[in-house]
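Any value given below was found using the heavy atoms of this structure, including those in side chains, with hydrogens, waters and symmetry copies removed. Letters A, B, ... are given to chains in the order of the sequence lines, protein chains preceding strands, and every chain is numbered from 1. This one's a predicted model, so the numbers in the text were calculated from it and none came from an experiment.
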Amino acid sequence: MQRADFEGDPVTVAPWLLNKMLVHGGQAGRIVEVEAYGGEIDPASHAYRGQTPRTSVMFGPPGHLYVYFTYGMHWCANVVCGPEGQAAAALIRALEPVRGLEDMRLARPAARKERDLCNGPAKLCQALRISGVDNGADLLAAGQGSVVGGGVLLVDDGTPPPKRPARGTRIGIRVGTEKRWRFWVPGQASVSR
DNA sequence: CTTTGGATCGTCT
DNA sequence: GACGATCCAAAGG
């Protein structure tokens, strides 16, 4: 897994992210649902109307984390993809909880079942304690010799993406609803509702 | 099980 | 000044 793997089209990179691990501190989950956002050509993307202070990370190099705040209370996390200068991203919509479940439960007292811990884009940020301070983090910083351990990381544990991912329309948007740019691991309990 | 409405504030018009 | 890449509790069936 290298930075070049993230330079492709978001519709290609997003399903490729399935089954990779998202790690933050002692908590980790397997990505089981994603959505592709196509930057300036995609009316549903935050970057559709060009670069703003909020969306600047999306215009930077791929393999970084774009975190945004919405509805006055929720954080959501994206993997920046596409070449530098082009805004594209994959929204992480759901994780299968893998490690640090006790801390996840502490961070998300509203979750009743294990699958409720990370089955939504804002839920997984709550569970992994991802917030605005993580915006712009380099997801590939592991093994680069610097201070590693506090940041958000993407890890390939060897599990390949599903050969035939399930596919459907994106959720929660009001434009661009015709594009079937949502991908998930078929039969996974932790996909969003 | 499904439907509905409230919470809450940064961002851009 | 409007609205959003959402979540949750409450109410109804």
Side-chain angles (χ1 to χ4, degrees), chain A residues 6 9-18 22 24 27 29 31-60 62 64-82 86-97 104-137 139 152 154 165-185 189-193:
Chain A
F6 298 82
D9 191 271
V11 181
T12 303
V13 174
W16 171 80
L17 290 170
L18 293 173
L22 189 69
H24 190 208
Q27 291 146 264
I31 299 174
V32 296
E33 183 181 2
V34 292
E35 282 178 1
Y37 284 88
E40 291 165 294
I41 57 144
D42 177 9
S45 170
H46 290 163
Y48 182 54
R49 293 170 210 286
Q51 187 169 355
T52 67
R54 177 174 66 148
T55 61
S56 62
V57 171
M58 285 177 109
F59 288 81
H64 287 246
L65 191 70
Y66 165 50
V67 182
Y68 68 90
F69 185 68
T70 191
Y71 291 104
M73 65 188 88
H74 294 308
W75 297 99
C76 296
N78 298 251
V79 176
V80 175
C81 51
Q86 275 185 41
L91 170 68
I92 305 174
R93 283 202 60 88
L95 304 175
E96 173 195 2
M104 291 186 188
R105 290 189 183 282
L106 288 175
R108 285 189 39 72
R112 305 208 178 275
K113 304 184 172 188
E114 183 174 319
R115 62 158 128 350
D116 297 324
L117 285 171
C118 300
N119 66 341
K123 296 178 186 177
L124 86 258
C125 284
Q126 222 179 321
L128 296 206
R129 302 182 197 273
I130 292 171
S131 72
V133 304
D134 301 300
N135 189 37
L139 294 167
V152 182
L154 202 51
R167 182 170 184 168
T169 56
R170 295 177 291 181
I171 291 178
I173 55 175
R174 307 187 70 146
V175 288
T177 52
E178 76 290 347
K179 292 180 171 57
R180 299 177 64 220
W181 285 1
R182 173 172 166 248
F183 304 90
W184 66 95
V185 178
S190 292
V191 299
S192 65
R193 298 259 56 208

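Ring pair Y37(A)/W181(A): centre-to-centre distance not below 6.0 Å.
The phosphate of dC8(C) (OP1 or OP2) has no side-chain N or O of R112(A) nearer than 4.0 angstrom. For H74(A), no side-chain nitrogen or oxygen approaches OP1 or OP2 of dC7(C) to under 4.0 Å.
Y71(A) places its OH atom 17 Å from the P atom of dA2(C), with the value rounded to the nearest Å. Distance I92(A) CD1 to dT6(C) P: 14 Å, rounded to the nearest Å. Summarising the geometry, the separation between OH on Y68(A) and P on dA5(C) is reported as 6 Å, rounded to the nearest angstrom. Distance R170(A) CZ to dT6(C) P: 11 Å, rounded to the nearest Å. Residue F69(A) contributes atom CZ, which lies 16 Å from atom C1' of dC12(B) at whole-angstrom precision. If you take CG of L124(A) and P of dC7(C), they are 9 Å apart, rounded to a whole angstrom. As rounded to whole Å, 15 Å separates atom C1' of dA5(C) from atom CE of M73(A). For Y37(A) and dG4(C), the OH to P distance is 13 Å, given to the nearest whole Å.
The side chain of R49(A) approaches dT13(B) more closely than any other nucleotide in the set dG4(C), dA5(C), dT13(B). Closest to the side chain of C76(A), from the set dC12(B), dT6(C), dG10(B), is dT6(C). Comparing dA5(C), dC8(C), dC7(C) by their closest approach to the side chain of A122(A) singles out dC7(C). In the set dC8(C), dA5(C), dG10(B), dC8(C) carries the atom at the smallest distance from any side-chain atom of K123(A). Distance from the side chain of P121(A) is smallest to dC7(C) among dC7(C), dA5(C), dC12(B).
Within 6.0 Å of atom CZ in R105(A), more than 12 heavy atoms from other residues, nucleotides or ligands are found, so the atom counts as buried in its surroundings. Surrounding CZ of F69(A) are more than 12 heavy atoms belonging to other residues, nucleotides or ligands, all under 6.0 Å away. Summarising the local packing, CZ of R167(A) is surrounded by more than 12 heavy atoms from other residues, nucleotides or ligands at distances under 6.0 Å.
When both pairing distances are held under 3.5 Å, dC8(C) makes a Watson-Crick or G-U pair with dG5(B).
Between Q126(A) and R174(A), the one whose closest nucleotide on DNA chain C sits nearer the 5' end is R174(A).
Using a 4.0 Å heavy-atom cutoff across all strands shown, L91(A) reaches at least one base atom of the nucleic acid. Contacts of R182(A) with the nucleic acid, taken as non-hydrogen atoms under 4.0 Å apart, are absent. Contact annotation for A44(A): base contact, defined as any heavy-atom pair under 4.0 Å involving a base atom.
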request  = Starting from the C-alpha separation in whole Å, work towards a yes-or-no answer on side-chain contact (heavy atoms from CB on, under 4.5 Å) for D42(A) and R170(A).
outcome  = CA-CA 12 Å; D42(A) 177 9; R170(A) 295 177 291 181; 2.7 Å; yes
